[in-house]
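Notes follow the structure.
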Amino acid sequence: MTQLVLALVAGAVVGLALGALGGGGGVLAVPALVYLLGFTPAAATTAALVIVAATSATALYAHARDGDLAWRTGALFAAAGIAPAFLAGAAAERLPAAVLTAAFATVAALAALRMLRPSEAAAPARVRTGEVAAAGAGLGAVTGLLGVGGGFLAVPALVNVLGLRMRQAVGTSLLVITVNSLVALTARAGTGGDLRWELVAPFAGAAILGAWDGKRLAARLSGARLRKIFAVVLLTVAALMFVDVIV
(Lines give C-alpha, C1' and ligand atoms only; values in the text may rest on other atoms or scores of the structure.)
Protein backbone atom coordinates (compact mmCIF):
# COMPACT_ATOMS: atom_id res chain seq x y z
CA MET A 1 0.00 0.00 0.00
CA THR A 2 2.85 2.39 0.80
CA GLN A 3 4.40 1.83 -2.62
CA LEU A 4 1.03 2.41 -4.28
CA VAL A 5 0.72 5.79 -2.52
CA LEU A 6 4.27 6.69 -3.55
CA ALA A 7 3.49 5.71 -7.13
CA LEU A 8 0.40 7.94 -7.16
CA VAL A 9 2.23 10.94 -5.65
CA ALA A 10 5.24 10.57 -7.93
CA GLY A 11 2.96 10.16 -10.93
CA ALA A 12 1.10 13.36 -10.10
CA VAL A 13 4.40 15.30 -9.91
CA VAL A 14 5.59 13.86 -13.24
CA GLY A 15 2.28 14.80 -14.85
CA LEU A 16 2.48 18.35 -13.52
CA ALA A 17 5.97 18.71 -14.99
CA LEU A 18 4.94 17.44 -18.41
CA GLY A 19 1.70 19.40 -18.55
CA ALA A 20 3.14 22.70 -17.37
CA LEU A 21 6.70 22.56 -18.66
CA GLY A 22 6.52 20.25 -21.67
CA GLY A 23 9.27 18.06 -20.30
CA GLY A 24 11.00 16.81 -17.21
CA GLY A 25 8.74 13.79 -16.87
CA GLY A 26 11.32 11.16 -17.75
CA VAL A 27 14.09 12.80 -15.78
CA LEU A 28 11.80 12.79 -12.75
CA ALA A 29 10.16 9.42 -13.35
CA VAL A 30 13.36 7.38 -13.56
CA PRO A 31 14.75 8.47 -10.14
CA ALA A 32 11.29 8.05 -8.58
CA LEU A 33 10.95 4.51 -9.91
CA VAL A 34 14.45 3.54 -8.77
CA TYR A 35 14.76 5.29 -5.41
CA LEU A 36 11.12 5.29 -4.24
CA LEU A 37 9.69 2.12 -5.77
CA GLY A 38 12.76 -0.12 -5.96
CA PHE A 39 12.84 -0.72 -9.73
CA THR A 40 16.07 -1.82 -11.35
CA PRO A 41 17.58 0.85 -13.65
CA ALA A 42 16.67 -1.17 -16.76
CA ALA A 43 13.06 -1.68 -15.67
CA ALA A 44 12.77 1.94 -14.52
CA THR A 45 13.95 3.23 -17.88
CA THR A 46 11.39 1.19 -19.79
CA ALA A 47 8.58 1.92 -17.31
CA ALA A 48 9.35 5.65 -17.45
CA LEU A 49 9.04 5.60 -21.23
CA VAL A 50 5.61 3.96 -20.93
CA ILE A 51 4.52 6.58 -18.39
CA VAL A 52 5.96 9.53 -20.31
CA ALA A 53 4.53 8.39 -23.66
CA ALA A 54 1.00 8.05 -22.23
CA THR A 55 1.17 11.31 -20.29
CA SER A 56 2.74 13.31 -23.12
CA ALA A 57 0.08 12.17 -25.59
CA THR A 58 -2.63 13.32 -23.16
CA ALA A 59 -1.00 16.70 -22.51
CA LEU A 60 -0.34 17.08 -26.26
CA TYR A 61 -4.07 16.96 -26.96
CA ALA A 62 -4.75 19.78 -24.49
CA HIS A 63 -2.02 22.02 -25.94
CA ALA A 64 -3.04 21.28 -29.54
CA ARG A 65 -6.65 22.17 -28.72
CA ASP A 66 -5.51 25.59 -27.49
CA GLY A 67 -3.29 26.20 -30.51
CA ASP A 68 0.01 26.02 -28.58
CA LEU A 69 1.69 23.68 -31.05
CA ALA A 70 3.92 24.21 -34.10
CA TRP A 71 3.00 21.03 -35.95
CA ARG A 72 5.46 21.25 -38.86
CA THR A 73 8.40 22.18 -36.63
CA GLY A 74 7.53 19.43 -34.16
CA ALA A 75 7.10 16.78 -36.87
CA LEU A 76 10.47 17.63 -38.45
CA PHE A 77 12.14 17.77 -35.05
CA ALA A 78 10.78 14.35 -34.06
CA ALA A 79 11.42 12.68 -37.43
CA ALA A 80 15.07 13.79 -37.43
CA GLY A 81 15.66 12.03 -34.11
CA ILE A 82 14.28 8.58 -34.97
CA ALA A 83 17.41 7.01 -36.46
CA PRO A 84 19.84 8.57 -33.93
CA ALA A 85 17.59 7.33 -31.11
CA PHE A 86 17.87 3.73 -32.34
CA LEU A 87 21.65 3.92 -32.85
CA ALA A 88 22.29 5.56 -29.48
CA GLY A 89 20.00 3.07 -27.78
CA ALA A 90 22.13 0.22 -29.07
CA ALA A 91 25.31 1.95 -27.86
CA ALA A 92 23.84 2.57 -24.41
CA GLU A 93 23.70 -1.16 -23.67
CA ARG A 94 27.51 -1.28 -23.79
CA LEU A 95 28.14 1.57 -21.34
CA PRO A 96 28.42 1.20 -17.53
CA ALA A 97 25.45 2.46 -15.51
CA ALA A 98 27.63 5.04 -13.72
CA VAL A 99 28.74 6.54 -17.03
CA LEU A 100 25.15 6.84 -18.23
CA THR A 101 24.06 8.41 -14.95
CA ALA A 102 26.87 10.96 -15.05
CA ALA A 103 26.08 11.79 -18.67
CA PHE A 104 22.40 12.16 -17.83
CA ALA A 105 23.16 14.50 -14.92
CA THR A 106 25.56 16.59 -17.04
CA VAL A 107 23.09 17.06 -19.87
CA ALA A 108 20.28 17.94 -17.45
CA ALA A 109 22.46 20.53 -15.69
CA LEU A 110 23.55 22.11 -18.99
CA ALA A 111 19.95 22.30 -20.18
CA ALA A 112 18.92 23.94 -16.90
CA LEU A 113 21.67 26.57 -17.13
CA ARG A 114 20.63 27.32 -20.71
CA MET A 115 17.03 27.80 -19.61
CA LEU A 116 18.12 30.31 -16.96
CA ARG A 117 19.54 32.55 -19.69
CA PRO A 118 16.84 34.86 -21.10
CA SER A 119 16.10 34.02 -24.72
CA GLU A 120 16.56 36.91 -27.13
CA ALA A 121 15.51 34.90 -30.17
CA ALA A 122 12.56 36.20 -32.15
CA ALA A 123 9.96 33.83 -33.53
CA PRO A 124 11.16 32.82 -37.02
CA ALA A 125 9.22 33.99 -40.06
CA ARG A 126 9.56 30.48 -41.49
CA VAL A 127 10.71 27.11 -40.21
CA ARG A 128 14.45 26.67 -40.71
CA THR A 129 14.51 23.03 -41.80
CA GLY A 130 18.26 22.52 -41.37
CA GLU A 131 18.32 23.81 -37.81
CA VAL A 132 15.22 21.79 -36.89
CA ALA A 133 16.77 18.60 -38.29
CA ALA A 134 20.11 19.16 -36.55
CA ALA A 135 18.50 19.87 -33.18
CA GLY A 136 16.11 16.94 -33.57
CA ALA A 137 18.90 14.51 -34.44
CA GLY A 138 20.90 15.57 -31.42
CA LEU A 139 17.89 15.22 -29.17
CA GLY A 140 17.11 11.79 -30.60
CA ALA A 141 20.64 10.61 -29.87
CA VAL A 142 20.41 11.79 -26.27
CA THR A 143 16.98 10.20 -25.89
CA GLY A 144 18.23 6.85 -27.16
CA LEU A 145 21.31 6.99 -24.96
CA LEU A 146 19.61 8.11 -21.73
CA GLY A 147 16.20 6.50 -22.17
CA VAL A 148 13.95 9.51 -21.55
CA GLY A 149 11.53 11.47 -23.72
CA GLY A 150 13.91 14.42 -23.99
CA GLY A 151 11.54 17.28 -23.21
CA PHE A 152 14.10 18.83 -20.86
CA LEU A 153 16.27 19.36 -23.95
CA ALA A 154 13.51 19.91 -26.51
CA VAL A 155 12.06 22.98 -24.77
CA PRO A 156 15.39 24.89 -24.57
CA ALA A 157 16.14 23.97 -28.19
CA LEU A 158 12.73 25.08 -29.42
CA VAL A 159 12.95 28.36 -27.48
CA ASN A 160 16.61 29.31 -27.91
CA VAL A 161 17.53 27.70 -31.24
CA LEU A 162 14.27 27.94 -33.16
CA GLY A 163 12.79 31.03 -31.48
CA LEU A 164 9.40 29.62 -30.47
CA ARG A 165 7.39 31.22 -27.70
CA MET A 166 7.62 29.35 -24.38
CA ARG A 167 4.06 28.02 -24.38
CA GLN A 168 4.32 27.05 -28.05
CA ALA A 169 7.62 25.30 -27.31
CA VAL A 170 5.98 23.42 -24.42
CA GLY A 171 3.20 22.11 -26.66
CA THR A 172 5.54 21.27 -29.52
CA SER A 173 7.95 19.45 -27.22
CA LEU A 174 5.12 17.14 -26.16
CA LEU A 175 4.79 15.97 -29.76
CA VAL A 176 8.54 15.30 -29.86
CA ILE A 177 8.44 13.50 -26.50
CA THR A 178 5.57 11.25 -27.57
CA VAL A 179 7.34 10.18 -30.77
CA ASN A 180 10.76 9.75 -29.13
CA SER A 181 9.31 7.73 -26.25
CA LEU A 182 7.49 5.36 -28.59
CA VAL A 183 10.61 4.92 -30.72
CA ALA A 184 12.74 4.22 -27.64
CA LEU A 185 10.15 1.75 -26.34
CA THR A 186 10.24 -0.11 -29.64
CA ALA A 187 14.03 -0.25 -29.57
CA ARG A 188 14.03 -1.50 -25.97
CA ALA A 189 11.25 -4.08 -26.38
CA GLY A 190 12.00 -7.17 -24.27
CA THR A 191 14.95 -5.60 -22.43
CA GLY A 192 13.22 -3.80 -19.54
CA GLY A 193 12.70 -6.76 -17.23
CA ASP A 194 9.68 -6.98 -14.93
CA LEU A 195 7.74 -3.71 -15.27
CA ARG A 196 5.54 -4.37 -12.21
CA TRP A 197 2.35 -3.13 -13.84
CA GLU A 198 0.58 -2.94 -10.46
CA LEU A 199 2.72 0.18 -9.84
CA VAL A 200 3.31 1.39 -13.39
CA ALA A 201 -0.43 1.61 -14.18
CA PRO A 202 -1.41 3.82 -11.20
CA PHE A 203 1.77 5.87 -11.70
CA ALA A 204 0.76 6.51 -15.31
CA GLY A 205 -2.86 7.23 -14.37
CA ALA A 206 -1.85 9.82 -11.77
CA ALA A 207 0.58 11.37 -14.26
CA ILE A 208 -2.15 11.71 -16.88
CA LEU A 209 -4.45 13.45 -14.40
CA GLY A 210 -1.57 15.64 -13.22
CA ALA A 211 -0.86 16.70 -16.80
CA TRP A 212 -4.26 18.38 -17.04
CA ASP A 213 -3.56 20.34 -13.85
CA GLY A 214 -0.14 21.21 -15.23
CA LYS A 215 -1.71 22.64 -18.37
CA ARG A 216 -3.92 24.91 -16.25
CA LEU A 217 -0.89 25.91 -14.18
CA ALA A 218 0.99 26.89 -17.33
CA ALA A 219 -1.82 29.24 -18.32
CA ARG A 220 -1.41 31.16 -15.06
CA LEU A 221 2.36 31.59 -15.11
CA SER A 222 4.63 33.65 -17.38
CA GLY A 223 7.07 31.99 -19.72
CA ALA A 224 10.01 33.35 -17.70
CA ARG A 225 8.69 31.83 -14.48
CA LEU A 226 8.10 28.50 -16.19
CA ARG A 227 11.70 28.50 -17.41
CA LYS A 228 12.97 29.19 -13.88
CA ILE A 229 10.85 26.39 -12.41
CA PHE A 230 12.03 24.04 -15.12
CA ALA A 231 15.67 24.95 -14.50
CA VAL A 232 15.44 24.51 -10.72
CA VAL A 233 13.87 21.06 -11.12
CA LEU A 234 16.58 19.96 -13.54
CA LEU A 235 19.43 21.29 -11.42
CA THR A 236 18.07 19.52 -8.35
CA VAL A 237 17.76 16.17 -10.13
CA ALA A 238 21.21 16.60 -11.70
CA ALA A 239 22.78 17.28 -8.30
CA LEU A 240 21.15 14.19 -6.77
CA MET A 241 22.42 12.04 -9.62
CA PHE A 242 25.96 13.36 -9.32
CA VAL A 243 25.89 12.54 -5.61
CA ASP A 244 24.69 9.02 -6.42
CA VAL A 245 27.56 8.50 -8.87
CA ILE A 246 30.16 9.80 -6.43
CA VAL A 247 28.87 7.88 -3.44
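Everything numeric here is computed off the predicted structure, so don't read it as measured data.
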- prompt: Do V14 and L185 share a hydrophobic cluster (ILVMFWY, side-chain heavy atoms under 4.5 Å, transitive)?
  reply: yes
Would you mind writing out the side-chain donor-acceptor pairs for residues 48-57 within the sub-3.5 Å range, not counting sequence neighbours?
from	atom 1	to	atom 2	distance (Å)
T55	OG1	I51	O	2.7
S56	OG	V52	O	2.7

Check: G74 main-chain N/O paired with T172 side-chain donor or acceptor under 3.5 Å: no
- request: Check whether any side-chain N or O of R196 sits under 3.5 Å from a backbone N or O of L37 as a donor-acceptor pair, and report yes or no.
  value: yes
message: Tell me which pairs pass side-chain hydrogen bond (donor to acceptor under 3.5 Å, both in side chains) where either residue lies in residues 25-39, with sequence neighbours left out.
response: Y35-D244
query: So, for V245 and A98, which heavy atoms are closest and what is the spacing to 0.1 Å?
result: CG2-O, 4.0 Å
Intermediate values then yes/no, side-chain contact (heavy atoms from CB on, under 4.5 Å), W71 and L175: CA-CA 8 Å; W71 282 102; L175 174 61; 4.0 Å; yes
- prompt: What's the shortest heavy-atom distance between P84 and A137, and which atoms?
  reply: CB-O, 3.5 Å
- request: Please report the closest heavy-atom contact between A10 and F203, naming both atoms and the distance.
  value: CB-CE1, 3.6 Å
message: Nearest 0.5 angstrom please: L199 CG to L33 CG, how far?
response: 8.5 Å
query: Can you name the closest pair of heavy atoms from L28 and P31 and give their distance?
result: O-CD, 3.4 Å
- prompt: Measuring from L4:CG to E198:CD, what's the distance to the nearest 0.5 Å?
  reply: 9.5 Å
task: Kindly indicate, with the supporting measurements, whether the criterion side-chain contact (heavy atoms from CB on, under 4.5 Å) is fulfilled by Q168 and L69.
output: CA-CA 5 Å; Q168 191 178 37; L69 180 60; over 6 Å; no
message: Counting C-beta onward and ignoring hydrogens, is there a side-chain heavy-atom pair between F77 and V179 closer than 4.5 Å?
response: no
- line: Rounding to 0.5 Å, atoms OG1 (T58) and CG (L174) come to a distance of 10.0 Å
For L158 against A169, the heavy-atom pair lying closest together: CD1-O, 3.5 Å
field: Which atom of L6 lies closest to which atom of L36, heavy atoms considered
entry: CD1-O, 3.7 Å
message: Atom OH of residue position Y61 - does it have more than 12 heavy atoms of other residues, nucleotides or ligands inside 6.0 Å?
response: no
field: Co-membership, hydrophobic cluster, residues F39 and L240, 4.5 Å side-chain
entry: no
- request: Consider only side-chain heavy atoms of I, L, V, M, F, W and Y, link residues closer than 4.5 Å, and tell whether L16 and I177 are in one cluster.
  value: no
